[in-house]
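The structure under discussion appears below in the form of structure tokens.
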Number of protein chains: 2
Amino acid sequence: MPALSIGDLARRTGVPVETIRYYERMGLLPKPPRTEGNYRAYEAAHERRLAFVKRSRDLGFGLDAIRALLDLADGADRPCGEVDALARDQLAEVERKIADLTAMRAELQDMLGHCRADTVADCEIIGRLRGR
Amino acid sequence: MPALSIGDLARRTGVPVETIRYYERMGLLPKPPRTEGNYRAYEAAHERRLAFVKRSRDLGFGLDAIRALLDLADGADRPCGEVDALARDQLAEVERKIADLTAMRAELQDMLGHCRADTVADCEIIGRLRGR
DNA sequence: CTTGACCCTGTAGCGACTACAGGGTGCAGA
DNA sequence: TCTGCACCCTGTAGTCGCTACAGGGTCAAG
């Protein structure tokens with residue numbers, strides 16, 4: 001495989017060009033070699049690393065957690081307890097958000113279900129936002 | 001009721017002092033009168049308005065939407081269709097987020113459920129982040 | 001040899017706060 | 001009366017994860 005330009009990498013991974021440069025600045029991706037014209041020249045290893053980052057982002061991991069995951073992934077012999085802990089923390093966070101949003105959904109549905117008025121004066125939604 | 005200081009208002013509404021000042025800068029709260037010593041002096045109406053903002057925030061409305069809701073709430077005779085539309089948009093947004101997070105949760109649970117390895121080399125979690 | 005797509009760096013903006021720094025105010029106790 | 005302390009003020013910068021320029025350079029096709 002020949003070297004990939006940043007645009008090629010963006011198309012292959014679905015990660016925007018600007019975001020790839022951002023990840024590089026943030027230390028998630030190694031600085032790739034440059035061409036004569038100072039263009040970034042990526043290889044397959046870069047693509048794999050970026051795909052790892054993208055999948056982690058899609059699962060909601062923050063960039064700090066991803067840095068940690070990448071470090072761990074690079075040390076094959078290390079025990080994977082830390083990986084487990086990171087995933088567990090992330091799951092807990094996701095569950096917390098789901099709980100919050102589920103409560104919001106119930107309240108919004110209830111408001112909308114009771115909305116029968118024509119004017120703001122007796123609007124159930126406004127009334128509830130006011131606190132009944 | 002005597003005038004409330006910003007700290008009193010913060011304690012009564014559960015909104016931090018810094019956030020109250022921020023809402024004022026953003027035009028969600030009117031600029032209150034000041035004491036001789038240049039302290040903000042709030043009345044019951046301010047407290048009601050801030051409570052409205054807080055409840056809306058707790059339901060996930062953005063500050064722009066809240067500004068619109070406040071405007072609508074101030075005009076009692078206007079039809080409440082716009083209020084309805086804002087609430088409906090917010091519900092749709094909340095449902096979209098729940099769907100995303102539910103997918104994340106399933107994937108994270110699945111990863112964690114399959115984690116039986118001792119080392120990173122055969123860690124199921126790392127493997128899946130790598131793309132199997 | 002020009003056009004246009006791509007690439008480069010550096011900086012500023014988003015939303016909704018949050019956290020200072022560096023000062024002023026006000027009140028209770030010694 | 002003085003002093004200490006909690007509170008208040010403004011203004012600015014930082015957070016997170018991008019995203020959007022501005023102002024330039026590179027490169028291949030026509």
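Only a predicted model underlies this, so the values are computations on that prediction, with no experimental measurement involved. Convention: sequence-line order gives letters A, B, ...; per-chain numbering from 1.
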Fill in: Residues forming a salt bridge (Lys or Arg N to Asp or Glu O under 4.0 Å) with B:Glu18, sequence neighbours excluded
B:Arg21
Worksheet item: By side chain to side chain contact (heavy atoms under 4.5 Å, CB included), which residues pair with A:Ala10, not counting sequence neighbours?
Response: A:Val17, A:Ile20
Worksheet item: Who passes side chain to side chain donor-acceptor pair (under 3.5 Å) against A:Thr13, sequence neighbours left out?
Response: none
Discussion item. How many whole angstroms separate atom CE of A:Met26 from atom P of C:dG10?
Written reply: 13 Å
Mind listing the side-chain donor-acceptor pairs of residues 2-9 of chain B below 3.5 Å, one per line with the distance, residues two or more places apart or on another chain?
unit_1, atom_1, unit_2, atom_2, d
B:Ser5, OG, B:Gly7, N, 3.3
B:Ser5, OG, B:Asp8, N, 3.1
B:Ser5, OG, B:Asp8, OD2, 3.2
B:Asp8, OD1, B:Arg11, NH2, 3.0
B:Asp8, OD2, B:Ser5, N, 3.0

Donor-acceptor contacts, no H, no angles, side chain residues 57-66 of chain A, under 3.5 Å, sequence neighbours left out:
unit_1, atom_1, unit_2, atom_2, d
A:Arg57, NH1, A:Phe61, O, 2.7
A:Asp58, OD2, A:Lys54, NZ, 3.3
A:Asp64, OD1, A:Arg67, NH2, 2.7

Worksheet item: Excluding sequence neighbours, so at least two apart, what forms salt bridge (Lys or Arg N to Asp or Glu O under 4.0 Å) with B:Arg96?
Response: B:Glu93, B:Asp100
Practice prompt. Report the residues that fulfil side chain to side chain donor-acceptor pair (under 3.5 Å) with A:Glu24, sequence neighbours left out, ordered by chain and then residue number.
Written response: A:Arg40
Item to complete: Report the residues that fulfil side chain to side chain donor-acceptor pair (under 3.5 Å) with A:Asp71, sequence neighbours left out, ordered by chain and then residue number.
Response: none
Item to complete: Examine D:dC8: is either OP1 or OP2 under 4.0 Å from a nitrogen or oxygen in the side chain of B:Arg40? Give yes or no.
Response: no
Worksheet item: For B:Asp89, which residues count as a side chain to side chain donor-acceptor pair (under 3.5 Å) partner, sequence neighbours excluded?
Response: none
Worksheet item: Rounding to a whole Å, what distance do you find between B:Asp8:CG and C:dT25:C1'?
Response: 15 Å
Discussion item. Please determine whether residues A:Leu69 and A:Val15 belong to a single hydrophobic cluster, defined as Ile, Leu, Val, Met, Phe, Trp and Tyr linked transitively by side-chain heavy-atom distances below 4.5 Å.
Written reply: yes
Worksheet item: Near DNA chain D, which residues from residues 88-104 of chain A have a heavy atom under 4.0 Å away?
Response: none
Worksheet, complete the sentence: With the side chain defined as heavy atoms from C-beta on, B:Pro16 is closest, among C:dC8, D:dC8, C:dT18, to C:dT18
Response to the item:
Closest to the 5' end of DNA chain C, once B:Glu36 and A:Ile6 are matched to their nearest nucleotides, is A:Ile6
Quick test: give all pairs of protein nitrogen or oxygen and nucleotides 3-6 of chain D nitrogen or oxygen below 3.5 Å, distance rounded to 0.1 Å.
none

Worksheet item: B:Glu18 side chain: which of C:dC7, D:dC9, C:dC20 is closest?
Response: C:dC20
Worksheet item: Looking across every strand, which nucleic acid part, if any, lies under 4.0 Å from B:Ser5 by heavy atom: base, sugar-phosphate, or nothing?
Response: sugar-phosphate
Worksheet item: Relative to the 5' end of DNA chain C, which residue comes earlier, B:Asn38 or A:Glu24, by the nucleotide with the nearest heavy atom?
Response: A:Glu24
Short N/O separations, protein against nucleotides 15-17 of chain C, under 3.5 angstrom:
unit_1, atom_1, unit_2, atom_2, d
C:dA16, OP2, B:Leu63, N, 3.3
C:dA16, O3', B:Arg57, NH2, 3.4
C:dA16, N7, B:Tyr22, OH, 3.4
C:dC17, OP2, B:Tyr23, OH, 2.7
C:dC17, OP2, B:Arg57, NE, 2.8

Worksheet entry | Check: B:Ile98 main-chain N/O paired with B:Thr102 side-chain donor or acceptor under 3.5 Å | yes
Worksheet entry | Any B:Arg21 side-chain N or O less than 4.0 Å from OP1/OP2 of D:dT10 | no
Practice prompt. Specify the separation, in whole Å, of atom OH of A:Tyr42 and atom P of C:dC6.
Written response: 16 Å
